[in-house]
Visitor: 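Take a look at this one; I'll ask things after.
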Amino acid sequence: MANRTLTGWLLDLVARPTSVDLVFRTDDGTTHALSAPFLPSFVVAGHDVRRETVLAAARAWGCRVGRGEGIEIFSGRAMPAWRLRVPVSGLFTRTVRMAEDEFTPEALFNADISPEQQYAYATGLYPLARANVEINEDGVVQAHEILDDPWDVNAPLPELTTATLRIEGDGHPAHGRSRPLLLSYDGRSYAFEQVDGAGLLHDLSKRLREADPDLLVTEYGDDYIVPTLLELSARCGTLFSLDRTLATPAGNRVGKDPRKPIPPRSYMSYGKVVYRAATHTAFGRWHIDARNSFLFGDTGLPGLIELARLSGIPLQRLARSSPGTAISAMEVALAMSRGILVPFKKREPEDFKTGLALVETDKGGLTYLPRPGVRGNVAELDFASMYPSLMDRYNISPETINCGCCDPGQPVPGIGAHTCTRRRGIIPDTLAPILEKRRQLKARQKSADTSEGKEAFRKRQTALKWLLVVSFGFLGYRNARFGRIEAHEAVTAWGREKLLMAKEIAERDGFSFLHGLTDAIWVTRTGATETDYLALGGTITRETGMPIALEGVYDWIAFLPSKQNPAVAVPNRFVGAFRHGEVKVRGIALRRSDTPPFVAALQKRMVGTMGTADSLPALRKLRTELEAMIEDAVRELRGGRVPPEALTIARRLSKAPDQYVANSAAAAVTRELCGRGVALQPGSKIRYMLTDDGKMRGASKRAVRATALPGGRSMGFLDGSETPDLDAYETMVREAGAELLWATCVRG
DNA sequence: CATTCGCGGGG
DNA sequence: GTGTACGCGAATG
C-alpha cells in the first residue's frame with residue numbers, strides 16, 4: 001500500500017513514548033489516529049558549560065546531543081548550546097531534573113515545555129491547524145503542509161458535534177442528595193438513574209457511542225461524574241471510558257488516553273484562591289468540564305479554539321488552564337522561533353532600589369478620589385487596552401528594560417528607567433499581533449449579520465482580551481518566565497503619565513476633571529455635546545499617542561460615598577445613566593457575586609427605573625417611586641413569597657476548612673458540609689442561607705445552612721423546613737436600596 | 001476597636 | 001503548570 005495524503009484539521013496531540021499521536025479530522029468527517037515520530041529535547045547552554053561534561057552526561061542518560069548556539073535573552077548575544085534529546089518521552093522530566101543537578105538550573109533552557117507543544121512549535125502543526133499530511137500504510141506521518149495561518153481571522157474550522165453530560169438539577173452533585181445523570185445530544189436527553197452500577201455504565205456507554213461527540217461538555221465531570229463512574233466501573237467490573245473509536249489504516253480501534261489525571265490542587269490566581277479538580281481527559285474526543293474551566297465558561301469553544309491555535313496548547317489542557325498559561329506559551333513559542341533560549345526557572349533578581357525609589361515606583365495605576373455627589377452631563381473616556389498597548393508602543397519587556405545597549409534609550413517617566421530603542425522585546429512582539437487581531441475580531445463582531453456570528457466573534461475577541469489583561473500582571477510576577485518587576489513598573493509609570501496628560505489636556509480645553517481611574521477619566525463642561533467630548537477624545541489620542549474612546553455621555557452620574565467615611569467617595573463605586581437609558585454601575589451590591597439574588601434583583605429593578613431619568617431633576621423626582629420599590633421588596637420578603645434559592649449567599653473559600661479562625665457564616669457552613677462528607681478545599685465554592693433556627697434556641701450567633709451550588713432551584717441538603725432569617729434579609733434589602741436611593745437626594 | 005475574610009477587575 | 005496589588009465593607013471577637 002502506498003503513501004496517501006489526508007486533508008483536514010489536527011484536533012489533538014498526545015505524547016507517546018517515542019512519538020506524538022495526532023487526532024486528525026479529514027474533510028469527509030472521519031476522525032483518524034495518526035502517529036508522528038518525535039522525541040522531546042531541552043538545551044544546556046552557557047559560556048562556562050564544558051563540552052566533555054555535556055557529552056558524558058548525555059551518554060549516561062541515553063540522550064542524543066546536537067551542538068549549536070542559542071541567544072541569551074537579556075544580552076541578545078549568542079552562546080554555545082547543546083540540545084539533548086531524550087530517548088523516551090516519559091523520561092523528559094526526570095532527565096531535566098538530573099540535568100538541573102549536573103549543570104545548575106541557570107544552564108537549562110527550553111526545559112519545561114511539554115512534548116506536545118515542542119512538537120507543535122517544531123512542525124507548525126498546532127491544535128486545529130488545517131493541513132495536508134502524508135502518511136504511510138501504518139498511519140505514520142511522513143510529511144505535512146500547513147494550509148492556514150493562526151492569525152487569519154477567517155480561517156475555516158471543522159464542523160464539530162457536541163454532547164453534554166451532567167447531573168439533573170443545578171449545583172455541585174456532592175453538595176446534595178443523589179440525582180440522575182443526564183446525557184443530551186441532537187436535541188434529546190437521556191436520564192440514567194444511579195442505582196444499578198453495571199446497568200448504568202452499559203447504557204451510558206451505548207448512548208455515548210451512538211452520540212459519538214467530538215466534544216463532551218460536562219458539569220462537574222472532572223470533580224465528580226467521571227471519577228464516580230470510574231469507581232463504579234472498578235467496583236462492578238464493567239468497562240467505562242470517555243475515549244473514542246478512531247479510524248486507523250489497520251482498522252478501527254479505541255485509543256486509550258495515556259494521560260494520567262493531574263491531581264486536584266488549589267492555587268492563587270488574581271488575588272483569589274482557585275480550586276482545580278483532578279483532570280479527566282479523553283482520547284479521540286475532547287472532554288471539558290464546564291465547571292472546571294475558566295476559559296470555557298467565559299469564551300466557549302470558539303475562544304478555546306482561538307487560543308489553542310495561537311498558543312499550541314492542546315485544547316483539553318488549555319480548557320483547564322488560565323489565560324496566563326496561554327500567553328506564556330505564546331511568548332515561549334515566539335522566543336524559540338527566534339532562537340532565543342527560554343530560561344528554565346526564574347532567577348533574575350530585582351535591581352537594587354533605595355527605599356525612596358521603591359515608594360516612587362511602586363505606585364501602580366493612578367487613582368483619584370471623586371467628590372461624592374451627582375453630576376449631570378458627564379463624559380467617560382477610556383484608553384483602549386492601555387497596559388498592553390503601552391508595552392507594545394514603548395517596547396517594554398524584561399530584556400528591553402534598562403538594557404545595556406542604549407544610553408539613554410527611551411526614558412520611562414518618573415522612575416529613572418529606560419527601554420531599548422534598538423531591539424524589539426519578546427513581550428511587545430507577542431502582544432502586537434494579538435492587539436491587531438482583537439481589533440479585527442471586534443470589527444467583525446459588530447458587522448456580523450446573525451446573532452450566532454456575533455456571538456462567535458465576541459467569544460474569540462474575549463479570549464484575546466484575557467491574554468492582554470493577564471499579560472500585564474504576568475510581567476509583575478517575579479517567578480514568571482518572562483516576568484520582571486522593573487518592566488511591570490515601567491508599564492504603570494507610563495500609565496500614570498498618560499492619564500495625567502489626559503487630565504491636563506481636558507482641563508486646558510475647558511473641561512472639569514471629575515474623576516480618573518487607571519485608564520479612564522470622567523469630565524464635564526457646561527453645555528458640552530457628544531461632539532465636544534468626541535473632539536476631546538481625538539485631542540487626547542493625538543497628543544498622548546494612545547487611542548482613547550468615548551465610553552459614553554452620562555445624563556447623570558452619582559459618585560457614591562464611602563460607607564466608612566461618607567465625606568469621601570470610593571474610586572470605583574458609582575451609578576450613571578448614559579443617553580438612551582443604559583445604566584452603568586460599579587461597586588454596588590448587585591455587582592458582587594456574594595449578594596443574594598433577591599437583593600441583587602431589587603437593585604437591578606431600581607437601576608432600571610433610574611435609567612429612565614434623563615436629567616438630575618428627573619432623577620430626584622424618582623425618589624418616592626424608588627422608596628416604594630424597597631417597601632414592596634420588604635413586604636414580599638415578610639410575606640414569605642421569596643423562594644429560598646433567591647436568598648442564598650455564594651462564597652469561595654480561601655483556606656482549608658480547619659484553617660478558619662473567625663467563626664464566620666462561611667466557616668460554619670464549611671463545618672456543616674464537612675460533617676456531611678463533602679470534601680472542601682481552598683477555592684471550593686459554597687452556598688448558604690441565613691436561617692432563624694438559631695434564634696429559636698436563643699443563640700446569639702447567626703444560624704446558617706448550606707444549600708447547593710451554584711444556586712438555581714436545587715437546595716442541596718435543605719428539606720424545606722428551614723426558614724430564612726427575615727430580619728437579616730430585611731436589613732440587607734434596606735441597605736441595598738439606600739445605597740442607590742442616596743443618588744436621588746444629594747447635589748453635586 | 002482590631003482582625004478576619006472575600007470580592008472586584010475586563011466586557 | 002499558576003502568576004498583581006490593594007481598598008472596601010461586612011462580620012466577628
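Lettering of chains follows the sequences in order, A, B, ..., and the numbering in each one begins at 1.
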Visitor: Taking CZ from A/Phe482 and P from C/dT2, how many angstroms apart are they, rounded to a whole number?
Guide: 16 Å
Visitor: Please determine, for the side chain of A/Val570, which listed nucleotide (B/dC5, B/dC7, C/dC8) has the closest atom?
Guide: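 Of all the options, the side chain of A/Val570 is nearest to C/dC8.
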Visitor: Which nucleotide sits closest to the side chain of A/Ser322: C/dT2, B/dG10, B/dC7?
Guide: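 Given the options C/dT2, B/dG10, B/dC7, the side chain of A/Ser322 is closest to C/dT2.
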Visitor: If only side-chain N and O atoms of A/Ser114 are considered, is one of them under 4.0 Å from the OP1 or OP2 phosphate oxygen of C/dG1?
Guide: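 So the side chain of A/Ser114 is outside the cut-off, no N or O lying under 4.0 Å from OP1 or OP2 of C/dG1.
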Visitor: Measure from the side chain of A/Ser593, starting at C-beta and using heavy atoms only, and say which of C/dG1, B/dC7, B/dG11 lies closest.
Guide: B/dC7
Visitor: Would you mind reading off the distance between A/Ile686 atom CD1 and B/dC5 atom P, rounded to a whole angstrom?
Guide: 13 Å
Visitor: A/Asp112 has a side chain; which of C/dG9, C/dG1, B/dG10 sits nearest to it?
Guide: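 My answer, after comparing the listed nucleotides, is C/dG1.
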Visitor: To the nearest angstrom, how far is A/Glu331 atom CD from C/dT2 atom P?
Guide: 13 Å
Visitor: Between C/dG1 atom P and A/Phe344 atom CZ, what is the distance in whole Å?
Guide: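 In whole Å, C/dG1 P and A/Phe344 CZ are 13 Å from each other.
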Visitor: Using a distance-only test with no angle check, is there a side-chain donor-acceptor pair under 3.5 angstrom linking A/Gln445 and A/Glu455?
Guide: no
Visitor: Rounded to whole Å, please give me the gap between OH in A/Tyr660 and P in B/dT4.
Guide: 13 Å
Visitor: Tell me: NZ of A/Lys442 to P of B/dG11, nearest whole Å?
Guide: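 In whole Å, B/dG11 P lies 7 Å from A/Lys442 NZ.
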Visitor: When you measure from the side-chain N and O atoms of A/Arg573 to the phosphate of C/dG9, is any distance below 4.0 Å, counting only OP1 and OP2?
Guide: yes
Visitor: To the nearest 0.5 Å, tell me how far A/Ile313 CD1 sits from A/Ser328 OG.
Guide: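 Between A/Ile313 CD1 and A/Ser328 OG, I get 8.0 Å after rounding to 0.5 Å.
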Visitor: Under 4.0 Å between any heavy atoms, over every strand shown, what does A/Gln461 touch: base, sugar-phosphate, or nothing? Just pick one.
Guide: nothing
Visitor: Would you check if there is a donor-acceptor pair between the side chains of A/Arg438 and A/Gln461 at a distance under 3.5 Å?
Guide: yes
Visitor: Is the centre of the A/Phe294 ring less than 6.0 Å from the centre of the A/Trp466 ring?
Guide: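 Centroid distance A/Phe294-A/Trp466: below 6.0 Å, so yes.
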Visitor: Looking at every strand, decide which applies to A/Leu653 at a 4.0 Å heavy-atom threshold: base, sugar-phosphate, or nothing.
Guide: sugar-phosphate
Visitor: Expressed as a whole number of angstroms, how long is the span from A/Trp466:CH2 to C/dT4:P?
Guide: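 From A/Trp466 CH2 to C/dT4 P: 12 Å.
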Visitor: Output the single nucleotide from C/dG1, C/dG9, B/dG10 whose closest atom is nearest the side chain of A/Lys465.
Guide: B/dG10
Visitor: Counting only distance, no hydrogens or angles, is the base of C/dG9 paired donor-acceptor with the side chain of A/Lys563 under 3.5 Å?
Guide: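 No, the side chain and the base share no sub-3.5 Å donor-acceptor pair.
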Visitor: B/dT4 P sits how many Å from A/Arg652 CZ, rounded?
Guide: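 A/Arg652 atom CZ is separated from B/dT4 atom P by 22 Å.
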Visitor: A/Thr462 side chain N/O closer than 4.0 Å to the phosphate oxygens (OP1, OP2) of B/dG11?
Guide: no
Visitor: Measure centre to centre between the rings of A/Phe574 and A/Trp522, then say whether the value is under 6.0 Å.
Guide: yes
Visitor: Please confirm whether the shortest side-chain N or O distance from A/Ser321 to OP1 or OP2 of C/dT2 is below 4.0 Å.
Guide: yes
